[in-house]
Amino acid sequence: MRPFDKTQRCNYFPMLTIVTFSTLFFAFFCYNQYMKTIPFPDFKHQHPFQESSNSTYVQLQETNKADDGDYERIVSPLEECDIFTGEWVFDNGSSHPLYKEDNCEFLTDMVTCLKNGRPESLYQKWRWQPRDCSLPKFEANLLLEKLRGKRLMFVGDSINLNQMLSMVCMVQSIIPPEKKSFSYASYTTVFKMEDYNATMEFYWAPFLVESNVDPPTMRYGTVVPVVKLESISKHGDNWKNVDYLIFNTYIWWRYPTMKALNGATDSVDIDQNVAYERALKSWAKWVEENVDSSRTSVFFSSMSPTHMKSSDWNNTNRIKCWNETSPFPNISRIDVGTNWQLFTTAVNVIQSMKIPLHFLNITRLSEYRKDAHTSIYAAPGGKLLTQEQKSDPARYADCLHWCLPGLPDTWNELLFALIMYRT
């Protein structure tokens, strides 16, 4: 926790088990004075969040292992901190990666970069350090107890599938082999944890609203998407009665104008930003009408950035994100082509919602990670690249998706903090 401002009159107050009324009053006064000194996070591309449940602040309280092996809470002051503002720290110790690639049987060839030939693993060793606090250590058993008897579902595009697979790998090692299972269906991927009567799931809906590219045979980018901007209930019926919903939508909104269904068969061209706002408003309306916030916690994950042009970081010796082995240095301004107008649209829609929603603000911290993409070590369409294809990174390097273990594990550490201490 940050030290008290030395210019304040109250530099310190003792945390006593038993306090007198006067001491308690004095402590309360000092704490309020201290809290006034905490700056609100500086969002460069959006209006600041109001002090509500739709903010990026999270209160953290540490846990400790008791002598009998169980976890107990430490009674201590809570930190209030913007966990999405900070820097990447190289961690060559044992804390990262959080799991080994070859110890998680549920990873697909799409994300197993080392297995697919990547010659170095430095991208696995970077740890996110918030500016004003430390993230709570990820504890799989604590999360699984929180999920007991519940469903957690990622909804959106393949980036959310990337994150779902990461979360599965972060918890699966403490579950006996015969007590866990993994299944794929056309729209839904499910990881079952029998002893906890719990599931982690992914539901494919790249625009959240319905589109012509939703069916499995249409997901490879060969068909121009046509979106149904006000149509969401067909997907939404599958999101009901879920306890934790994590939504995202971004990488499929890649056209300056989007084709939207107008009537039964005709389509019209609509400005990308207008279409995105209409889709998110349809999503927000569905959430407000169908989610019981006393039972379900809703999260929206901001856009996952891409690194398509090495010229964005003044590196003329690279092609796209190929052969990048370290993040950007901790500089304040980065421009890798992220559509911040869509970011602002998402923020505005979220702020207008009538129910609590948690904003998983991963965009800026992920922009630093030009080194963490699958690049030429991916498996587009389920097939590994040939040596000839690998020799042509300008065409074949995947600078959208991410290696595992890797960056999505950090997103899940942040999600863990929000689930444990805000829901």
| query | So Lys115 and Asp102, side chain to side chain contact (heavy atoms under 4.5 Å, CB included) or not? Walk me through it. | reply | CA-CA 8 Å; Lys115 175 185 174 183; Asp102 54 4; over 6 Å; no
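- Counting heavy atoms from C-beta outward, Val209 and Ser282 have side chains that approach closer than 4.5 Å.
- Within 6.0 Å of atom NZ in Lys125, more than 12 heavy atoms from other residues, nucleotides or ligands are found, so the atom counts as buried in its surroundings.
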| Are Trp340 and Arg364 close enough, and set up right, to give a side chain to side chain contact (heavy atoms under 4.5 Å, CB included), and what steps lead you there? | CA-CA 10 Å; Trp340 287 99; Arg364 179 64 74 193; 3.6 Å; yes
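- Residues Glu139 and Lys137 meet the side-chain proximity criterion, which asks for heavy atoms closer than 4.5 Å.
- Proximity of a side-chain donor or acceptor of Asn160 to a complementary backbone N or O of Val155 within less than 3.5 Å is detected.
- Of all the heavy atoms in Leu208 and Gly156, the pair that sits closest is CD2-CA, 4.3 Å.
- Note that CZ of Arg118 is 8.5 Å distant from CG of Asn323, once rounded to the nearest 0.5 Å.
- Aromatic ring centroids of Trp402 and Tyr123 lie 6.0 Å or more apart.
- For the pair Asn212 (side chain) and Val226 (backbone), a donor-acceptor distance under 3.5 Å is present.
- Between Arg131 and Asp82 there is no salt bridge, since none of the side-chain N atoms of the basic residue sits less than 4.0 Å from a carboxylate O of the acidic one.
- Side-chain N/O atoms of Ser366 and Trp411 include a donor and acceptor closer than 3.5 Å.
- For the pair Thr345 (side chain) and Glu277 (backbone), a donor-acceptor distance under 3.5 Å is absent.
- Between the side chain of Asn290 and the main chain of Trp286, a donor-acceptor pair closer than 3.5 Å is present.
- Without hydrogens or angle criteria, Glu120 side chain to Leu122 main chain gives a donor-acceptor distance under 3.5 Å.
- Proximity of the aromatic rings of Trp253 and Phe207 is defined here by a centroid distance below 6.0 angstrom, and this criterion is met.
- Side chain to side chain, Asn339 and Gln272 meet the donor-acceptor criterion of an N or O pair below 3.5 Å.
- Using modelled atom types, no side-chain atom of Thr374 and backbone atom of Tyr377 make a donor-acceptor pair closer than 3.5 Å.
- Leu360 contributes atom CG, which lies 4.5 Å from atom OG of Ser301 (distance to the nearest 0.5 angstrom).
- A salt bridge (charged side-chain N to carboxylate O under 4.0 Å, His left out) check over residues 152-173, counting only residues at least two apart or in different chains, returns nothing.
- Between Asp237 and Lys240 a salt bridge is recorded (basic side-chain N to carboxylate O distance below 4.0 Å).
- A salt bridge is absent between Lys390 and Glu388: the closest approach of a Lys/Arg side-chain nitrogen to an acidic carboxylate oxygen does not fall below 4.0 angstrom.
- No donor-acceptor distance shorter than 3.5 angstrom exists from the side chain of Asn348 to the backbone of Ile350, with no hydrogens or angles considered.
- Salt-bridge check for Lys285 with Glu288: failed, with every basic side-chain N at 4.0 Å or more from each acidic carboxylate O.
- The structure places CD1 of Ile376 at 7.5 Å from CG of Leu385, a figure rounded to the nearest 0.5 Å.
- The shortest distance between side-chain heavy atoms of Lys146 and Ile419 falls below 4.5 Å.
- A distance of 5.5 Å separates CG in Leu135 from CG in Leu414, rounded to the nearest 0.5 Å.
- Under 3.5 Å, the side chains of Ser166 and Asp409 contain a donor-acceptor pair of N or O atoms.
- In summary, the aromatic rings of Phe202 and Phe154 are positioned with their centroids too far apart to meet the 6.0 Å limit.
- Considering only heavy atoms from C-beta on, Phe300 comes within 4.5 Å of Leu357 through its side chain.
- Remark: the backbone N or O of Tyr99 is not paired with any side-chain donor or acceptor of Asn103 at under 3.5 angstrom.
- Using modelled atom types, one finds a donor on one side chain and an acceptor on the other under 3.5 Å when comparing Ser95 with Asp91.
- A donor-acceptor pair is defined here as one N or O able to donate and one able to accept, closer than 3.5 Å; such a pair exists between the side chain of Lys370 and the backbone of Ser326.
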Sequence neighbours left out, cut at 3.5 Å: what donor-acceptor pairs do the side chains of residues 175-197 make with other protein atoms?
residue	atom	partner	partner atom	Å
Lys180	NZ	Gln172	O	2.9
Lys180	NZ	Gln172	OE1	2.7
Lys180	NZ	Ile175	O	3.2

| Should His401 and Asp398 be marked as a side chain to side chain contact (heavy atoms under 4.5 Å, CB included) after you check the CA-CA gap, both sets of side-chain angles, and the distance that decides it? | CA-CA 6 Å; His401 300 93; Asp398 182 345; 2.8 Å; yes
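- The ring of His307 has its center closer than 6.0 angstrom to the ring center of His373.
- Checking side-chain atoms of Glu201 against main-chain N and O of Leu152 turns up no donor-acceptor pair under 3.5 Å.
- Salt-bridge formation is detected for the pair Lys259/Asp269: a Lys NZ or Arg NE/NH1/NH2 atom is positioned less than 4.0 Å from an Asp or Glu carboxylate oxygen.
- Rounding to the nearest 0.5 angstrom, the gap separating the SG atom in Cys169 from the CD atom in Glu105 is 9.0 Å.
- One side chain, Glu210 or Ser231, offers a donor N or O that lies under 3.5 Å from an acceptor on the other.
- When side chains are defined from C-beta on, Thr249 counts as touching Leu280, because their heavy atoms get closer than 4.5 Å.
- Within a 6.0 Å radius of CD in Gln129, more than 12 heavy atoms belonging to other residues, nucleotides or ligands are found.
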| Derivation of the side chain to side chain contact (heavy atoms under 4.5 Å, CB included) call for Glu367 and Thr338 | CA-CA 8 Å; Glu367 284 191 322; Thr338 302; 2.5 Å; yes
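- Under the 4.0 Å criterion applied to side-chain N and carboxylate O atoms, Glu230 and Arg278 are assigned as salt-bridge partners.
- In this structure, the side chains of Met167 and Leu415 come closer than 4.5 Å at one or more pairs of heavy atoms.
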| request: Check step by step if ring-ring contact (aromatic ring centres under 6.0 Å, His included) holds for Trp126 and Tyr368. | output: CA-CA 11 Å; Trp126 292 91; Tyr368 287 98; over 10 Å; no
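- Side-chain atoms of Ser211 and Asp214 include a donor-acceptor pair closer than 3.5 Å.
- By the 4.5 Å heavy-atom criterion applied to side chains, Lys320 and Lys309 are not counted as neighbours.
- For the residue pair His358/Ser297, the side-chain donor-acceptor check at 3.5 Å is not satisfied.
- Residues Leu229 and Lys281 have side chains not in contact (no heavy-atom distance under 4.5 Å, counting atoms from C-beta outward).
- Interatomic distance, OG of Ser304 versus CZ of Arg369, reported as 12.0 Å (0.5 Å rounding).
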| Candidate pair Phe247 and Trp239, rule ring-ring contact (aromatic ring centres under 6.0 Å, His included), full reasoning | CA-CA 10 Å; Phe247 294 95; Trp239 311 335; 5.2 Å; yes
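- Residue pairs that meet the salt bridge (charged side-chain N to carboxylate O under 4.0 Å, His left out) test with at least one member in residues 242-256, sequence neighbours left out, are Asp243-Arg295.
- Nearest heavy-atom pair, Asn162 versus Ile159, reported as atom, atom and distance to 0.1 Å: CB-O, 3.0 Å.
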